[in-house]
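I have placed the structure first, in the form of structure tokens, so that the comments after it can refer back to it.
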Amino acid sequence: MLFPAIRSAYLVGAGEYGTVSAIALNGLTYWSGVWATVIVLMALAVTPAATIFRWPALIDVRRMIGVTALVYTIAHMVIYFAFRRWDFAYIANDMARLTLILATLSTIGLIVLGATSVDAAIRYMGAKNWQRLHTTNYAISGLAILHVVLARGTYAEQYMLTGIFFWLMVWRVLARYGLGANAKALAMLAVASCLVAAFLEAGFLWSRRGFDVLGTLGYNFSLAILDVAYPPAWLVLAFGVLVALGAAGREALRLRAASLEARQAG
């Protein structure tokens, strides 16, 4: 949870974001938003990780991750205000953009979830009502992802984070059908998430820069490109494959333990 703040402070001190304050704040605005979104996705990843790796203790840190996501989101907002020189007239005019409307709604949602994350709120609202409120985290996370995707420019993080969000949402559908820890289903989900990231990148580069769609897809799926870069689609695929392999390994260990127990009992 502290890594993004430490890394950003180091990069600012090293001048990696530039020595001019406006340029440095521009870089910080972007990366603080990326890291806030990453931590939002980490909160969504707790349930899949606890299920796939049979590690229920992870649930204990979900609230901490959610509150941290709120802290980074507020920091992102403050940095954005500083980048705009606290010119609230300009900021209000800028807020008319769809991406900032989505960001505002997502931030309000995170504030509500953060304010009700304490035990007193659970007792006051009742467990069922509290659970209903906090399931809106899926929609809030979706708004945050849309904010990233619709931001000006085209960046690898936009497609990578969207691919992972797709994975996290579809996993919940698989889990409802008892396939949340099935290695084959997870492998197929990894491929599907990879394709989502690849086609999203191809579509955005075509619409915003006029790049050929087939050319971008060929770039994404070329093995040769791995010698010089790691396209977002490949990173999403790597994430999904590692999870699928982890699920397969965990299931193999479970079956081996069950076999040993059967032998001992026999």
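- Minimum heavy-atom separation, Leu58 to Ala50: CD1-N, 3.9 Å.
- In this structure, Trp167 and Val196 have side chains that are not in contact, with every pair of non-hydrogen atoms separated by 4.5 Å or more.
- Met1 and Val71 are not part of a single hydrophobic cluster, where members link through side-chain heavy atoms under 4.5 Å apart.
- Counting heavy atoms from C-beta outward, Leu41 and Ile145 have side chains that approach closer than 4.5 Å.
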Please evaluate residues Val149 and Phe165 with respect to the criterion side-chain contact (heavy atoms from CB on, under 4.5 Å), reporting the C-alpha separation (whole Å), side-chain torsions for both, the decisive distance (0.1 Å), and the verdict.
CA-CA 12 Å; Val149 169; Phe165 177 73; over 6 Å; no
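- Residue Ile91 holds its CD1 atom at 6.5 Å from CG of Asp87, rounded to the nearest 0.5 Å.
- No side-chain donor-acceptor contact under 3.5 Å links Ser8 to the backbone of Ala5.
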Tell me, with the steps shown, if Glu251 and Arg54 meet side-chain contact (heavy atoms from CB on, under 4.5 Å).
CA-CA 10 Å; Glu251 181 63 14; Arg54 294 179 174 83; 3.2 Å; yes
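- Other residues, nucleotides and ligands contribute at most 12 non-hydrogen atoms within 6.0 Å of the CZ atom of Phe199.
- Counted within 6.0 Å of CE on Met169, heavy atoms from surrounding residues, nucleotides or ligands total more than 12; the atom is thus considered enclosed.
- Rounding to the nearest 0.5 Å places CH2 of Trp31 at 13.0 Å from OG1 of Thr29.
- With rounding to the nearest 0.5 angstrom, the CG atom of Leu100 is 11.0 Å from the CG atom of Leu105.
- His147 and Thr37 form no side-chain donor-acceptor contact under 3.5 Å, judged by distance and modelled atom types alone.
- Closest heavy-atom contact between Ala233 and Ala198: CB-CB, 3.8 Å.
- In the hydrophobic clustering of this structure, Ile6 does not group with Ile79; members are Ile, Leu, Val, Met, Phe, Trp, Tyr whose side-chain heavy atoms approach within less than 4.5 Å, directly or through other members.
- Side-chain atoms of Ser117 come within 3.5 Å of backbone N or O of Gly114 as a donor-acceptor pair.
- Atoms CG and CZ, from Leu25 and Arg85 in turn, are 9.0 Å apart once rounded to the nearest 0.5 Å.
- A heavy-atom distance below 4.5 Å is not found between the side chains of Leu28 and Phe83.
- Closest approach of Ser106 and Ile140 over heavy atoms only: OG-O, 3.2 Å.
- Applying the salt bridge (Lys or Arg N to Asp or Glu O under 4.0 Å) rule to pairs touching residues 111-129 yields Arg63-Asp119, sequence neighbours excluded.
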From CA spacing to verdict: side-chain contact (heavy atoms from CB on, under 4.5 Å), Leu133, Asn129
CA-CA 6 Å; Leu133 174 64; Asn129 290 330; over 6 Å; no
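- Taking the side chain as every heavy atom from C-beta outward, Pro4 and Val38 never approach each other to under 4.5 Å.
- With hydrogens and angles ignored, the 3.5 Å screen pairs no side-chain donor or acceptor of Tyr72 with any backbone N or O of Val40.
- Taking a 6.0 Å sphere around CZ of Arg208, one finds it holds more than 12 heavy atoms contributed by other residues, nucleotides or ligands.
- The two residues Ala197 and Gly163 come nearest to each other via the heavy atoms CB-CA, 4.4 Å.
- Between His76 and Gly33, the shortest heavy-atom distance links the atoms ND1-N, 3.2 Å.
- Residues Cys194 and Phe221 meet the side-chain proximity criterion, which asks for heavy atoms closer than 4.5 Å.
- Proximity of Thr116 to His134: side-chain heavy atoms (C-beta onward) are separated by under 4.5 Å at one or more points.
- Note that CG of Leu70 is 14.0 Å distant from CD1 of Ile65, once rounded to the nearest 0.5 Å.
- With a 4.5 Å cut-off on side-chain heavy atoms, Met64 and Thr68 count as touching.
- Ring geometry for Phe88 versus Phe81: interplanar angle over 60°, hence perpendicular rather than tilted (30 to 60°).
- Side chain of Thr51 to main chain of Thr47: a donor-acceptor pair is present (N/O by atom type, distance under 3.5 Å, no hydrogens or angles).
- The shortest side-chain heavy-atom distance between Pro48 and Arg172 falls under the 4.5 Å cut-off.
- Every residue two or more places apart in sequence or in another chain that forms a side chain to side chain contact (heavy atoms under 4.5 Å, CB included) with Leu235 is listed here: Met160, Tyr230.
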For Leu189 and Trp171, run side-chain contact (heavy atoms from CB on, under 4.5 Å): C-alpha distance rounded to whole Å, both residues' side-chain angles, the deciding distance at 0.1 Å, then the answer.
CA-CA 8 Å; Leu189 178 56; Trp171 178 87; 4.1 Å; yes
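- Linking Ile, Leu, Val, Met, Phe, Trp and Tyr whenever their side-chain heavy atoms come within less than 4.5 Å leaves Val46 and Val173 in two separate clusters.
- Annotation for Leu200 and Gln158: closest pair CD2-O, 4.5 Å, computed over non-hydrogen atoms.
- Qualifying ring pair (Phe, Tyr, Trp, His ring centres under 6.0 Å) partners for Phe204, counting only residues two or more places apart in sequence or in other chains: none.
- Leu2 and Val34 fall into different hydrophobic clusters, where Ile, Leu, Val, Met, Phe, Trp and Tyr are joined by side-chain heavy atoms under 4.5 Å apart, directly or via other members.
- Note that the CG atom of Leu146 and the OG1 atom of Thr99 stand 8.5 Å from one another [nearest 0.5 Å].
- Leu110 and Met95 fall within a single hydrophobic cluster, where Ile, Leu, Val, Met, Phe, Trp and Tyr are joined by side-chain heavy atoms under 4.5 Å apart, directly or via other members.
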